[in-house]
Q: 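Would you mind keeping the following structure in view while I ask a few things?
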Amino acid sequence: MIKRILALGGISIGLGLMVCSAPQTAVAQQRQQGQQRQQRQQPAGSKAGWKQPMTPWGEPDLQGMWPLSHLISTPFQRPERFGDRRLMTDEEFAAAQKNAEARNTRFESGAIPQADSGQATRLTSLMIDPPDGRFPALTPKGKELLDKMRGSYKPGQTVFDSPEDFDSWDRCITRGLPVSMLPRNYNNGIRIMQSPGYVVIVLEMAHEVRIIPTNGRPALDPSIKQWLGESRGRWEGNTLIVETTNFNGKPAMTNAGVPGSPPLNPSTENMRFIERFTRTDDETIEYKMTVENPEVLTRSWSAAYPMKLDNKYEMFEYACHEGNTAIRGYIETSRYERAHKANQAPR
């Protein structure tokens, strides 16, 4: 009996040591992998002599505040006059700068600013594929889903009777993806944090956090659906690649809340969202997104832009529900207009 107790005690101690040492072993392995990454070639487009900063556990360091305010004046979809050109000429850029200054003056006037300030960029659009920078055509299924969509961004919709007549963003539930990684007229804060085996992306609008495992965790069962889907990340050299699936298909893929976007586009549960984060200098991450959803799109599309570090940007609570008077305002106005339509004199 004593021998058995001693034997069991030895096993328990051994298991305890294994459990305690497991996190340290994982961190050591990540540090070794990080050292190997450091020895690889720096990302394309990085400044000569620039060295990729690394976390203490050896992963490329992407941490910081990366607001998208500088992209407010860059349209999501490319104006047709630019054709397949990705960048503006000097003359076009000078005109874009004047337009951005005029916009800033207009929105910043008054007691309360109506939007954040934005600067012009040389980009003709955020969308880079298709080559013309225009949103792909919808499939017959996509057009069918678009007809069924409801919300304040739906062109021609005048009947609002209940919360179900609004989309998830109207109702302060979520912007969804990929919209949450695209600029808006305000509240563009994005903060990236890291710990061993995880990357965390904090979104100012609408008060959400994306927790992305990078430790090889298996994907969720396809039957589990979520508003922002479920993300899994991996490192390829100094580039973080994130693939997101398991969407619930309820939020819009894009909407007019993104400057230059089509008014509204549907998505489905089978959408696949791929992102690439590559730091090219101390103040820049080159970001690219690709969206695949063949049920509703005739082809995939991609957007790309530089994220700029601004650790002075302050992110405040986005109290969307508490200040959401728009839902009630839409419903009251819609009911009033319909009730008094017969009394309205023709113009």
Q: Working to the nearest 0.5 angstrom, can you tell me the gap between N255 CG and S168 OG?
A: 8.5 Å
Q: Can you confirm whether E80 is buried at CD, in the sense that more than 12 heavy atoms of other residues, nucleotides or ligands lie under 6.0 Å from that atom?
A: no
Q: May I ask you to check whether over 12 heavy atoms, not counting those of L220, lie within 6.0 Å of atom CG?
A: yes
Q: Are any of the side-chain heavy atoms of Q119 and K308 separated by less than 4.5 Å?
A: no
Q: Return the CE to NE2 distance between M307 and H70, rounded to the nearest 0.5 Å.
A: 8.0 Å
Q: Can you tell me how far CD of E295 sits from CG of L145, rounded to the nearest 0.5 angstrom?
A: 8.0 Å
Q: Between F93 and I72, is there shared hydrophobic-cluster membership here, with clusters defined by ILVMFWY side-chain heavy atoms closer than 4.5 Å?
A: no
Q: Going by an N to O cut-off under 4.0 Å, is there a salt bridge joining R81 and E92?
A: no
Q: Got a second to check how far S152's OG is from D165's CG, nearest 0.5 Å?
A: 11.5 Å
Q: Quick one: ring pair (Phe, Tyr, Trp, His ring centres under 6.0 Å) partners of F277, sequence neighbours excluded?
A: Y287
Q: The test is side-chain contact (heavy atoms from CB on, under 4.5 Å); show your working for Y198 and I212 and say whether it passes.
A: CA-CA 6 Å; Y198 289 90; I212 305 168; over 6 Å; no
Q: Regarding N293 and S267, is there a side-chain donor-to-acceptor distance under 3.5 Å anywhere?
A: no
Q: Check the side chains of T89 and E91 for a donor-acceptor pair under 3.5 angstrom, ignoring hydrogens and angles.
A: no
Q: Checking E101 now: which residues fulfil salt bridge (charged side-chain N to carboxylate O under 4.0 Å, His left out) with it, not counting sequence neighbours?
A: none
Q: If you look only at pairs with a residue in residues 108-146, which of them pass as a ring pair (Phe, Tyr, Trp, His ring centres under 6.0 Å), with sequence neighbours excluded?
A: F135-W301
Q: Check T284 against P306 and note the closest heavy-atom contact, atom names and distance.
A: CG2-CB, 4.1 Å
Q: Can you establish whether the number of heavy atoms outside R85 located under 6.0 Å from its atom CZ is more than 12?
A: yes
Q: Over all heavy atoms of both residues, which pair between L182 and L126 is shortest? Give the atoms and the distance, please.
A: CD2-CD1, 4.2 Å
Q: H207 versus E317: any side-chain heavy-atom pair under 4.5 Å?
A: no
Q: Going through the distances and angles, do T174 and E208 end up as a side-chain hydrogen bond (donor to acceptor under 3.5 Å, both in side chains)?
A: CA-CA 8 Å; T174 183; E208 294 181 291; 2.9 Å; yes
Q: Taking side-chain hydrogen bond (donor to acceptor under 3.5 Å, both in side chains) as the test, write out the residues that go with D61, two or more places apart.
A: Q63
Q: Determine the minimum heavy-atom distance between M127 and S125, stating which atoms define it.
A: O-OG, 2.7 Å
Q: Other residues, nucleotides and ligands only: do more than 12 of their heavy atoms fall within 6.0 Å of CD on E283?
A: no
Q: Applying side-chain contact (heavy atoms from CB on, under 4.5 Å) to D167 and M149, what does each step give before you reach the verdict?
A: CA-CA 8 Å; D167 68 11; M149 295 182 75; over 6 Å; no
Q: Which ILVMFWY residues are connected to I274, directly or by a chain of links, through side-chain heavy atoms under 4.5 Å apart?
A: I241
Q: Identify whether the distance between the nearest side-chain nitrogen and carboxylate oxygen of K51 and D282 falls below 4.0 Å.
A: no
Q: What residues, two or more places apart in sequence or in another chain, satisfy salt bridge (charged side-chain N to carboxylate O under 4.0 Å, His left out) together with R217?
A: none
Q: As an exercise, state the distance from CG of D281 to CH2 of W50, rounded to the nearest 0.5 Å.
A: 6.5 Å
Q: Compare every heavy atom of K225 with every heavy atom of P222, then report the nearest pair and how far apart it is.
A: O-NZ, 2.8 Å
Q: Kindly write out the residues that satisfy salt bridge (charged side-chain N to carboxylate O under 4.0 Å, His left out) with R328, not counting sequence neighbours, or none if the list is empty.
A: E332
Q: What closest approach, in Å, do P131 and R78 show between heavy atoms, and which atom pair accounts for it?
A: O-NH1, 2.7 Å
Q: Please name all residues satisfying side-chain hydrogen bond (donor to acceptor under 3.5 Å, both in side chains) with D129, sequence neighbours left out, ordered by chain then number.
A: R299
Q: Would you tell me whether E204 and N187 have side-chain atoms, one donor and one acceptor, within less than 3.5 Å of each other?
A: yes
Q: Would you sort out whether Q194 and T55 count as a side-chain hydrogen bond (donor to acceptor under 3.5 Å, both in side chains), showing the intermediate values?
A: CA-CA 8 Å; Q194 292 172 250; T55 63; 5.2 Å; no
Q: Begin with the C-alpha distance, continue with both residues' side-chain angles, and end with the deciding distance and a verdict on side-chain contact (heavy atoms from CB on, under 4.5 Å) for L297 and M253.
A: CA-CA 11 Å; L297 298 176; M253 183 184 295; 3.9 Å; yes
Q: Do you know which two heavy atoms are closest between P155 and P263, and how far apart they sit?
A: CG-CB, 3.6 Å
Q: Applying ring pair (Phe, Tyr, Trp, His ring centres under 6.0 Å), name anything that partners W66, two or more places apart in sequence or on another chain.
A: none
Q: Whether R234 and E236 form a salt bridge (side-chain N of Lys/Arg under 4.0 Å from carboxylate O of Asp/Glu) is what I want to check.
A: yes
Q: Salt bridge or not for K148 and E144, using N-O below 4.0 Å?
A: yes
Q: Mind checking who shares a hydrophobic cluster with I327, ILVMFWY linked at side-chain heavy-atom distances under 4.5 Å?
A: F160, F166, Y330, I331
Q: How about D221 and S223: does a side-chain donor come under 3.5 Å of a side-chain acceptor?
A: yes
Q: According to side-chain contact (heavy atoms from CB on, under 4.5 Å), who are the partners of T121, at least two apart in sequence or on a separate chain?
A: L71, T74, L123
Q: Taking T158's backbone N and O only, do any of them form a donor-acceptor pair with S334's side chain (distance below 3.5 Å, no angle check)?
A: yes
Q: So how far is it from D116 CG to N185 CG, rounded to the nearest 0.5 Å?
A: 8.0 Å
Q: In the hydrophobic clustering that connects Ile, Leu, Val, Met, Phe, Trp and Tyr at side-chain heavy-atom distances below 4.5 Å, which members other than W227 occupy its cluster, ordered by chain and number?
A: I173
Q: Hey, are R232 and E230 close enough for a salt bridge, meaning a charged N less than 4.0 Å from a carboxylate O?
A: yes
